[in-house]
Amino acid sequence: MGSNRIRKVVIAGGGTAGWIAASALAYQLRDQIEVTLVESSKIATVGVGEATVPPVRNFNRFMNIDEQEFLRAVAGTFKLAISFENFVRPGHRYIHPFGNTGKGTLVAGFQQYWLESLRRGMKSDLGNFSLEAMAALEDKFALTENPEINYAYHMDAALYVEFLRKKFERYGIKRIEGMIKEVRQNPDSGYIESLLLDDGQVIEGDLFIDCTGFRGLLIEQTLKTGYEDWNNWLPCDRAIAVQTRSVDPSPVPYTRAIAHEAGWRWHIPVQHRVGCGLVYDSRYMSDDEARAKLLHDVGAEPVRDPWQVKFRTGRRLKAWNKNVVALGLASGFIEPLESTSIHLAMSAVMLLVELFPSEGIPDSLVKRYNDVCRGELEHVRDFITLHYHANKREEKMWKDCREMSLPDSLQIRIDAWRDRAHVWKDQGELFATTSWMHVFLGQEVMPTQHHPVTRELSDNDLRRLLDSIRGPIDRILPLMPVQQEFIDRYCKSPDGIWDMHRLG
């Protein structure tokens with residue numbers, strides 16, 4: 001255990017993860033610590049993550065960020081779901097919506113009753129019982145209360161960094177422009193004591209946050225923490241990203257994930273442009289082929305040249321090692337198929353604030369932090385692996401994914417679903433039971449049976465249950481505007497007031 005009080009926190013690297021960490025620590029701990037962020041404009045950030053998941057709103061509340069101010073600053077749009085296209089086979093599509101789908105009981109989730117209704121010949125689509133799915137399919141958005149709508153955002157990541165800096169730098173964040181030339185350690189403990197910059201400055205600290213991206217300057221190059229590779233489950237290792245002009249009159253309220261022969265492509269609309277990218281397995285598609293395919297498929301004029309990102313999926317063996325906490329890409333990487341990168345950085349920072357070692361670094365807090373971070377990453381890994389594994393495509397990469405040996409934790413979930421349509425969410429997991437349910441059924445992983453308690457309902461009672469869920473959705477959906485209208489009147493209005501912004 002370290003014996004000194006943690007007063008000086010040094011963040012190595014900027015970008016989204018760096019400024020999330022600096023802002024949260026400075027805002028929450030105020031006068032108790034000094035926060036210094038070292039970044040260099042000479043080092044390019046990855047800058048491809050622009051879609052989020054609903055817990056981003058928890059972080060905004062944690063930071064007392066006003067939603068309308070935030071949306072105006074980051075050119076934000078609303079996100080209700082992810083549209084998965086061609087993942088099962090070319091031409092196939094399903095929606096993974098946020099929010100609740102239907103109503104279950106203490107012993108049987110809604111999927112059990114829905115499956116029973118199908119058995120009895122009551123035809124319907126699972127998405128009919130999700131307001132988010134129905135609104136996404138019609139490109140609509142509004143803030144609703146009965147039922148309450150669940151949503152995330154699309155945002156410009158570069159504008160988000162600017163927003164955080166302008167809003168939270170006044171809480172004492174000291175930003176230093178410079179390249180890190182040397183990392184200096186205590187010869188006895190191995191703890192990092194200071195960073196030597198290329199201009200000769202020495203930045204001393206008690207706790208260091210590594211936000212230096214894939215290279216992991218502190219956590220890996222200095223502390224040799226080690227890395228667990230997940231490429232055997234998540235085969236893609238490269239991406240080509242580009243930004244294009246908007247061609248649609250209203251941005252769609254969902255992220256598009258479109259599978260191709262060697263990976264998939266994303267499409268993320270913000271207010272002033274669209275973020276696009278092609279994720280691929282370099283064993284089955286060359287860099288030149290990927291670039292050409294992306295520019296051909298985006299269907300709009302690029303506003304900047306494409307750029308490439310090479311990555312290695314996996315995680316550091318320890319996210320917290322000695323007095324270094326790795327965040328963002330420095331802690332590990334799971335490809336952006338379910339838009340989890342920004343969430344994982346926010347979640348880790350909130351956990352660090354919760355466990356902040358103000359009087360030294362006890363092993364108990366380090367272990368707790370590492371256990372929680374590992375569990376969250378493995379949960380996300382399993383969920384994304386499911387999208388690759390459960391496919392019926394004929395290309396070599398997809399066949400390999402279909403035949404691969406799965407993590408035990410994922411195989412257990414698949415078996416439980418196949419055997420009795422059972423899904424669950426453990427404490428600290430990101431994806432809810434409805435998410436697993438939509439992806440299982442969307443990827444055509446069908447259960448062999450469902451819960452027998454559903455057979456106790458009469459046909460009339462089962463119909464009434466389904467109608468009670470559909471009723472509020474069918475009532476609200478026609479009242480909802482298309483997303484662009486909502487953005488124009490809610491996000492851009494000076495007073496932020498719109499008399500129809502809450503329906504229900």
* To do: Could you tell me whether R315 sits above the aromatic face of W230, with NZ or CZ closer than 6.0 angstrom to the six-membered ring centre and within 45 degrees of the axis?
  => no
* With a cut-off of 6.0 Å (strictly less than), are more than 12 heavy atoms of other residues, nucleotides or ligands near CD of E148? -> no
* Asked: Got a second to check how far S246's OG is from Q484's CD, nearest 0.5 Å?
  -> 8.5 Å
* Asked: Just checking, any donor-acceptor pair under 3.5 angstrom between side chains of Y490 and E67?
  -> yes
* Asked: For K367, does the NZ atom have more than 12 heavy-atom neighbours from other residues, nucleotides or ligands under 6.0 Å away?
  -> no
* Asked: Does E132 reach the main-chain N or O of N150 with its side chain, forming a donor-acceptor pair under 3.5 Å?
  -> yes
* Asked: Does the distance from a Lys or Arg side-chain N to an Asp or Glu carboxylate O, for E394 and R89, drop under 4.0 Å?
  -> no
* **Audit row: M285, K293, side-chain contact (heavy atoms from CB on, under 4.5 Å) steps and yes/no** => CA-CA 10 Å; M285 179 174 282; K293 181 172 179 57; 3.8 Å; yes
* Asked: For the side chain of N370 and the backbone of A319, is there at least one donor-acceptor N/O pair under 3.5 Å apart?
  -> yes
* To do: Flag the pair F62 / Y27 as yes when their ring centroid distance falls below 6.0 Å, and as no otherwise.
  => no
* Asked: Can you tell which of H96, E338, E429, K425 makes a side chain to side chain donor-acceptor pair (under 3.5 Å) with S435?
  -> H96
* **S282-K310 side chain donor-acceptor pair, cut-off 3.5 Å** => no
* To do: Measure the spacing between CE of M350 and CE of M346 and express it to the nearest 0.5 Å.
  => 9.5 Å
* **Short side-chain to backbone donor-acceptor contact, S468 and L465, under 3.5 Å** => yes
* Asked: Nearest 0.5 Å, what's the OG1-CZ distance between T454 and R119?
  -> 7.0 Å
* Given the side-chain rings of F486 and F78, with only the six-membered ring counted for Trp, is the space between their centroids under 6.0 Å? -> yes
* Asked: Of all heavy-atom pairs between N146 and R475, which one has the smallest distance, and what is that distance?
  -> O-NH2, 3.4 Å
* Asked: Can you find a side-chain donor-acceptor pair between W266 and E50 that sits under 3.5 Å?
  -> no
* Answer yes or no: is there a donor N or O on one side and an acceptor on the other, between the side chain of E403 and the main chain of D400, under 3.5 Å? => no
* Report yes or no: does N86 contribute a side-chain atom to a donor-acceptor pair with the main-chain N or O of G91 at less than 3.5 Å? => yes
* **Steps toward side-chain contact (heavy atoms from CB on, under 4.5 Å) verdict (L441, M446)** => CA-CA 6 Å; L441 292 169; M446 301 305 296; 3.9 Å; yes
* Asked: Checking T434 side chain against T101 main chain: does a donor-acceptor pair fall under 3.5 Å?
  -> no
* Could you tell me whether the side chains of E376 and H343 share a donor-acceptor contact shorter than 3.5 Å? => yes
* Test item: side-chain donor near acceptor, H450 and E116, under 3.5 Å -> yes
* Taking all non-hydrogen atoms of both residues, which atom of N391 and which atom of C401 are closest, and how far apart? -> ND2-CB, 4.2 Å
* To do: Dump the intermediate steps for salt bridge (Lys or Arg N to Asp or Glu O under 4.0 Å) on R312 and D237, then the final yes or no.
  => CA-CA 6 Å; R312 181 183 170 206; D237 58 356; over 6 Å; no
* W307 six-ring face occupied by R304 cation (under 6.0 Å, within 45°) -> yes
* Scan L352, L351, L327 and name whichever one has a side chain to side chain contact (heavy atoms under 4.5 Å, CB included) with C373. => L351
* Given I65 and F168, is the side-chain contact (heavy atoms from CB on, under 4.5 Å) satisfied, shown in steps? -> CA-CA 10 Å; I65 292 173; F168 294 103; 4.0 Å; yes
* **Verdict with supporting geometry, E335 and W264, side chain to side chain donor-acceptor pair (under 3.5 Å)** => CA-CA 11 Å; E335 61 161 86; W264 62 280; 2.7 Å; yes
* Among residues two or more places apart or on two chains, list those pairs meeting ring pair (Phe, Tyr, Trp, His ring centres under 6.0 Å) that have a residue in residues 394-426. => F87-W398, Y388-W398, W417-F440, H422-W424
* What are the two closest heavy atoms between A24 and V349, and how far apart are they? -> CB-CG1, 3.3 Å
* Taking every non-hydrogen atom, the tightest pair across P147 and I476 -> CD-CD1, 3.5 Å
* Asked: Can you check side chain to side chain donor-acceptor pair (under 3.5 Å) on K123 and S117, steps first, answer last?
  -> CA-CA 7 Å; K123 301 299 182 183; S117 74; over 6 Å; no
* Face-on cation placement of R93 at F84 ring, 6.0 Å and 45° thresholds -> no
* Asked: So, Y280 and D287: side-chain donor and acceptor under 3.5 Å apart, yes or no?
  -> yes
* **R120 vs D459, side-chain contact (heavy atoms from CB on, under 4.5 Å): CA-CA, chis, key distance, verdict** => CA-CA 8 Å; R120 300 189 195 185; D459 285 357; 2.8 Å; yes
* Asked: Under 6.0 Å between the ring centres of W436 and F431?
  -> no
* **Check: H272/D156 side-chain N/O donor and acceptor closer than 3.5 Å** => yes
* So, are E261 and K396 salt-bridged, with charged N and O less than 4.0 Å apart? -> no
* Asked: Under 4.5 Å between any side-chain heavy atoms of I487 and Q271, yes or no?
  -> yes
* Do V274 and Q243 come within less than 4.5 Å of each other through their side chains, counting heavy atoms only? -> no
* Asked: With distance as the sole test, does Q483 use its side chain to make a donor-acceptor pair with the main-chain N or O of P251 at under 3.5 Å?
  -> yes
* Asked: Checking ring-ring contact (aromatic ring centres under 6.0 Å, His included) for the pair F214/F333: CA distance, chi angles, key distance, verdict?
  -> CA-CA 8 Å; F214 291 121; F333 182 74; 5.4 Å; yes
* Backbone N or O of D125 within a donor-acceptor pair of the N128 side chain at under 3.5 Å? -> yes
* To do: Side-chain contact test, heavy atoms from C-beta onward, threshold under 4.5 Å: evaluate it for D248 versus P269 and give yes or no.
  => no
* Asked: Would you find more than 12 non-hydrogen atoms of other residues, nucleotides or ligands less than 6.0 Å from R374 atom CZ?
  -> yes
* Asked: Does any donor atom in the side chain of R57 or N60 lie under 3.5 Å from an acceptor atom in the other side chain?
  -> no
* Is there side-chain contact between E456 and D461, with heavy atoms separated by less than 4.5 Å? -> no
* Considering all heavy atoms, the nearest R316-G213 contact -> NH2-O, 4.4 Å
* Asked: Does D281 reach the main-chain N or O of R283 with its side chain, forming a donor-acceptor pair under 3.5 Å?
  -> yes
* To do: Could you tell me whether the side chain of D382 reaches within less than 4.5 Å of the side chain of W233, counting heavy atoms only?
  => no
* So, do S409 and R381 sit near enough that their side-chain heavy atoms are less than 4.5 Å apart? -> yes
* If you take all heavy atoms of A142 and M480, which pair is closest and at what distance? -> N-CE, 3.3 Å
* **Any V453 side-chain heavy atom under 4.5 Å of Q112 side chain** => no
* Asked: Any sub-3.5 Å donor-acceptor pair from S130's side-chain atoms to G127's backbone N or O?
  -> no
* Does the side chain of Y151 come within less than 4.5 Å of L80's, by heavy atoms? -> yes
